[in-house]
Amino acid sequence: LLNFLFACTMVSKKKRDVLGKGSGDIIVVKPEAEGGARAEISPIGHSATVSKTLLPFLAHHEESDVVYCDAPGFLDTRPALFNIVNACNTRLCLMAAESVKMVLMIDFNTLKTIRARGLTDILKILTQLFGDRLEEYIDCILLGLNHVPPNYDDGDIKELVEELTEETPNPIVTKLFENMFIFNPIETNEKSVDEPRQAVLQRINLLPAIKRNGGQVFKTVLIDSDIQELLRISEIIKDKILVSLKENKFENAAHCLHDLQRLRVIDHAAVERIHAQATHLLFTHFSKLTGTFDTNCYLCNFD
């Protein structure tokens, strides 16, 4: 989507010609050397389970004076450590923004084949992101439907949406479908190639913005295994602080506490608890040190 909005030339190519294997067609950015309008802005992933985006990618769209953040995919099958880092960095970006609008892309095949499960995944992501305030901000979310087959017209899409709404009766789902656009970056008519891009930009422009600090609204999206790994890492850092204090390696203890503080951006209750325990360890240790120092000074014991 980001490449499309930034007016890159999008073309369809055989998957095996681009990746060396695989069947079917994929959408790629046409290089400038081959006549493309501009270089690729953000790498395009072609996996249904692993995002190509490793870190949040920021790009300033001069035409609309908006900064777009291409966030890593949610609920990916990457190792937990990747997801934890992505969660921290994405939340930092949201906290730095004055206002936020959200465009959530979903694959057509996800809705068509796994149907209710695909909608369940969307609801899970949004519920984790917004918590109990999802309904309050649902109008700030634009849903983009990607990879729609060329033989599907507006009537087919409408029927699919009606079927899915009946299968998953939920006011949030209904509202999402009401605020949905079909993402088709390939145009056969050269003269109208900019029309769909402008249409999507207009939809984003009309989208209400979340005016408050994004960090106060958005939560982090982590699956259960990610959370378990997050807690394991936090406990390891706390243990390292304890060992460093016992060995009087105070600089190491300070670095570990700093690492633990950086994880607090995730805003998870268990991480807060572990951080409080680590801070208490440091406070107790240095209180004993200063107490011993005061006693020795009082007794003039400088040996």
Side-chain angles (χ1 to χ4, degrees), residues 1-2 45 48-51 53 56 68-78 80 82-84 86-95 97 99-147 157 160-183 200 203-204 206-227 230 265-269:
L1 178 63
L2 200 60
T49 56
V50 179
S51 172
T53 309
Y68 283 87
C69 175
D70 185 9
F74 299 112
L75 306 182
D76 275 358
T77 55
R78 281 201 183 106
F82 278 91
N83 295 333
I84 292 170
N86 289 336
C88 289
N89 288 325
T90 300
R91 185 166 165 79
L92 285 171
C93 289
L94 294 172
M95 291 172 67
S99 62
V100 177
K101 297 181 180 182
M102 183 176 179
V103 181
L104 181 64
M105 301 299 296
I106 185 170
D107 192 283
F108 170 84
N109 295 316
T110 300
L111 288 184
K112 182 65 176 176
T113 57
I114 61 178
R115 303 178 78 83
R117 199 184 87 199
L119 288 174
T120 300
D121 285 345
I122 293 176
L123 291 175
K124 183 177 180 180
I125 290 171
L126 293 176
T127 300
Q128 288 192 32
L129 269 175
F130 291 92
D132 57 3
R133 304 177 73 177
L134 174 56
E135 191 169 352
E136 179 183 353
Y137 292 110
I138 190 63
D139 289 331
C140 303
I141 303 171
L142 186 62
L143 183 66
L145 191 58
N146 198 7
H147 298 142
I157 297 297
L160 176 62
V161 167
E162 290 175 351
E163 291 173 6
L164 292 170
T165 304
E166 290 177 2
E167 293 173 10
T168 312
N170 186 306
I172 297 296
V173 171
T174 302
K175 194 66 179 178
L176 280 174
F177 282 135
E178 289 176 358
N179 205 19
M180 182 181 73
F181 71 94
I182 308 303
F183 175 57
V200 175
R203 291 288 299 274
I204 295 174
L206 294 175
L207 202 65
I210 300 172
K211 294 292 185 180
R212 305 175 191 176
N213 185 312
Q216 298 174 356
V217 175
F218 292 99
K219 310 301 180 184
T220 50
V221 179
L222 293 172
I223 59 178
D224 292 341
S225 59
D226 296 337
I227 294 174
L230 172 65
V265 70
I266 291 180
D267 194 23
H268 192 280

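What you see is a predicted model, and the numbers here were worked out from it, not measured in a lab. When reading the values below, keep in mind they use all heavy atoms of this one structure, side chains included, and skip hydrogens, waters and symmetry mates.
Counting non-hydrogen atoms of neighbouring residues, nucleotides and ligands closer than 6.0 angstrom, the CD atom of E178 exceeds 12 such neighbours.
The side-chain heavy atoms of M180 and V161, taken from C-beta on, include a pair separated by under 4.5 Å. V103 has its side chain out of reach of Y68: every pair of non-hydrogen atoms, C-beta onward, lies at least 4.5 Å apart. Counting only heavy atoms from C-beta outward, the side chains of L142 and L104 never approach each other to under 4.5 Å. Inter-residue side-chain proximity for N179 and D139 is flagged as unmet; no heavy-atom pair is nearer than 4.5 Å. Side chains of F183 and I106 form no contact here, defined as non-hydrogen atoms less than 4.5 Å apart. A heavy-atom distance below 4.5 Å is found between the side chains of L126 and I141. For the pair C140 and V100, the minimum side-chain heavy-atom distance is 4.5 Å or more.
Here the side chain of K211 pairs no donor or acceptor atom with the backbone of S99 at under 3.5 angstrom. Distance alone, capped at 3.5 Å, is enough to place a donor-acceptor pair between the R91 side chain and the F218 backbone. At least one donor-acceptor pair closer than 3.5 Å links the side chain of K101 to the backbone N or O of I204. A donor-acceptor contact shorter than 3.5 Å links the side chain of Q128 to the backbone of L222.
Rounded to the nearest 0.5 Å, atoms CG (L94) and CE (M102) are 9.0 Å apart. We find the CD1-CG distance between I182 and L145 to be 4.5 Å, quoted to the nearest 0.5 Å. To the nearest 0.5 Å, atom CG of residue L129 and atom NZ of residue K124 are 12.5 Å apart. The structure places CG of D70 at 10.5 Å from CE of M105, a figure rounded to the nearest 0.5 Å. Rounding to the nearest 0.5 Å gives a distance of 12.0 Å between CD1 of I84 and CG of N89. A distance of 11.0 Å separates OG1 in T127 from CD in E135, rounded to the nearest 0.5 Å.
Contact detail for C93 and P56: the closest heavy-atom pair is SG-CB, 3.9 Å. Across all non-hydrogen atoms, the minimal contact from H147 to F108 is O-CB, 3.5 Å.
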task: Determine, step by step, whether F177 and L164 satisfy the side chain to side chain contact (heavy atoms under 4.5 Å, CB included) criterion, reporting the C-alpha distance in whole Å, the side-chain angles of both residues, the deciding distance to 0.1 Å, and the verdict.
output: CA-CA 10 Å; F177 282 135; L164 292 170; 4.0 Å; yes

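Side-chain atoms of N83 and D226 include a donor-acceptor pair closer than 3.5 Å.
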